[in-house]
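Order of the sequence lines sets the chain letters (A, B, ...), proteins ahead of strands, with each chain counted from 1.
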There are 2 protein chains.
Amino acid sequence: MTRPDAVQPVFRALADPTRRAILSMLATGDRPIGDIAAKFEMTRPAVAKHLAILKEGDLITVEAIGRERINKLNPAALKTAQEWLNHFDHFWDEKLSKLKQAVEEKK
Amino acid sequence: MTRPDAVQPVFRALADPTRRAILSMLATGDRPIGDIAAKFEMTRPAVAKHLAILKEGDLITVEAIGRERINKLNPAALKTAQEWLNHFDHFWDEKLSKLKQAVEEKK
DNA sequence: TTGACATAATACCATATGGTTTCATATAAA
DNA sequence: TTTATATGAAACCATATGGTATTATGTCAA
């Protein structure tokens with residue numbers, strides 16, 4: 001089960017296009033911040049801030065190896081967002097079946 | 001197919017807890033802004049701004065009936081976010097199968 | 001047609017956000 | 001033990017964001 005207060009940092013992290021791009025990048029392989037920053041038109045500290053926000057949402061984890069810090073995607077945290085969105089599918093299905101029911105009764 | 005540039009206004013809209021609560025509220029039924037504002041500890045203009053951002057993400061639609069403007073959930077727009085998240089499931093599945101394959105070959 | 005009601009629009013404010021530059025620290029290599 | 005490399009940390013800045021109060025507009029009802 002996903003705690004409701006865990007949703008906020010996840011959606012907050014997903015709201016920025018740079019952060020979503022970082023997640024996509026990490027989906028293809030673990031990378032240190034230097035590699036990531038090289039792909040974007042912004043300075044390393046800017047990328048570091050984005051990584052910090054991704055960490056707060058538990059969307060990535062960091063492993064220190066020597067002087068490098070490898071950033072890894074944590075796909076489990078994405079489930080938090082997926083589950084929240086799935087609730088609407090249920091609501092929607094219910095609405096449709098009620099609508100269907102109403103139509104049936106009119107017949 | 002979801003245009004890539006359609007993702008941003010959706011995730012932006014989902015990033016705020018008030019807006020997510022409004023979506024949940026609208027999932028249970030269409031409502032005018034007055035009804036919505038009454039449920040939150042903030043002024044109507046504040047709620048109006050949130051509704052405007054939800055509209056920008058196409059997450060809600062508005063239908064004017066007399067002097068009321070009924071806000072309705074548009075669940076189709078949520079698919080935009082769901083699909084983006086689903087990409088990671090695919091990446092993840094691939095990674096697992098490659099890992100499995102590597103293990104098999106070592107045996 | 002006047003009054004009440006539901007909402008939109010505008011102007012304004014404090015803080016959060018996304019970015020920068022500069023400086024500090026820890027590890028690897030010469 | 002220097003020197004170079006990979007990163008973190010701090011101070012700062014412009015703009016976006018989430019909120020307010022106030023004013024304007026359109027529609028229903030007496």
Side-chain angles (χ1 to χ4, degrees), chain A residues 4-26 29-74 81, chain B residues 4-26 29-74 81:
Chain A
D5 52 316
V7 165
Q8 180 50 26
V10 172
F11 276 111
R12 190 244 178 158
L14 291 174
D16 185 272
T18 301
R19 288 193 289 268
R20 289 196 305 277
I22 290 174
L23 290 179
S24 294
M25 189 176 301
L26 292 181
D30 309 334
R31 283 183 182 75
I33 186 176
D35 277 29
I36 301 171
K39 307 263 182 178
F40 291 94
E41 301 227 321
M42 69 180 70
T43 58
R44 216 194 304 257
V47 172
K49 283 189 183 183
H50 284 303
L51 290 174
I53 292 172
L54 288 169
K55 255 172 273 173
E56 272 174 34
D58 203 32
L59 289 160
I60 63 170
T61 58
V62 185
E63 189 182 349
I65 297 186
R67 63 181 160 183
E68 284 195 337
R69 293 169 63 84
I70 310 297
N71 297 277
K72 302 185 176 190
L73 179 66
N74 176 24
Chain B
D5 52 317
V7 164
Q8 179 53 26
V10 173
F11 275 113
R12 189 244 178 160
L14 290 174
D16 184 273
T18 301
R19 289 194 288 269
R20 289 196 305 277
I22 290 174
L23 291 179
S24 295
M25 191 176 301
L26 292 181
D30 309 334
R31 283 184 181 77
I33 185 176
D35 277 30
I36 300 169
K39 306 263 181 178
F40 292 94
E41 303 227 320
M42 72 181 68
T43 59
R44 218 196 301 258
V47 172
K49 282 192 184 180
H50 284 303
L51 291 175
I53 292 172
L54 288 169
K55 256 172 273 176
E56 271 174 34
D58 202 32
L59 289 160
I60 63 171
T61 57
V62 185
E63 187 183 351
I65 296 186
R67 65 184 160 183
E68 283 196 339
R69 293 170 64 84
I70 311 298
N71 297 277
K72 301 183 177 192
L73 179 67
N74 176 24

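- Here ring pair (Phe, Tyr, Trp, His ring centres under 6.0 Å) pairs that include residues 7-26 of chain B, with residues two or more places apart or in two chains, are B:F11-B:W84.
- Axis angle across the helix from C:dT1-D:dA30 to C:dA30-D:dT1, with five pairs used at each end and values rounded to 10°: 20°.
- Listed by first and then second residue, the side chain to side chain donor-acceptor pair (under 3.5 Å) pairs that reach into residues 33-46 of chain A come to none, sequence neighbours excluded.
- A side-chain donor-acceptor contact under 3.5 Å links A:R20 to the backbone of A:L14.
- Partners of B:R19 by side-chain hydrogen bond (donor to acceptor under 3.5 Å, both in side chains), not counting sequence neighbours, listed by chain and number: B:H50.
- For B:R12, the salt bridge (charged side-chain N to carboxylate O under 4.0 Å, His left out) partners two or more places apart in sequence, or in a different chain, are B:E56.
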*B/S/- contact track for nucleotides 18-30 of chain D, protein heavy atom under 4.0 Å*: BBBB-----BS--

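- Residues forming a side-chain hydrogen bond (donor to acceptor under 3.5 Å, both in side chains) with B:K72 (at least two apart in sequence, or on another chain): B:E63.
- On the nucleic acid side, DNA chain C contacts chain B at distances under 4.0 Å to non-hydrogen atoms, with the end points of that region at C:dA4 to C:dA9.
- Residues that satisfy the side chain to side chain contact (heavy atoms under 4.5 Å, CB included) test with A:R67, not counting sequence neighbours, are absent from this structure.
- At a threshold of 4.5 Å between non-hydrogen side-chain atoms, the residues A:I70 and A:R31 do not count as touching.
- Residues satisfying the salt bridge (charged side-chain N to carboxylate O under 4.0 Å, His left out) test with A:E68, not counting sequence neighbours, are none.
- Partners of B:D58 under the side-chain hydrogen bond (donor to acceptor under 3.5 Å, both in side chains) rule, at least two apart in sequence or in another chain, are B:N74.
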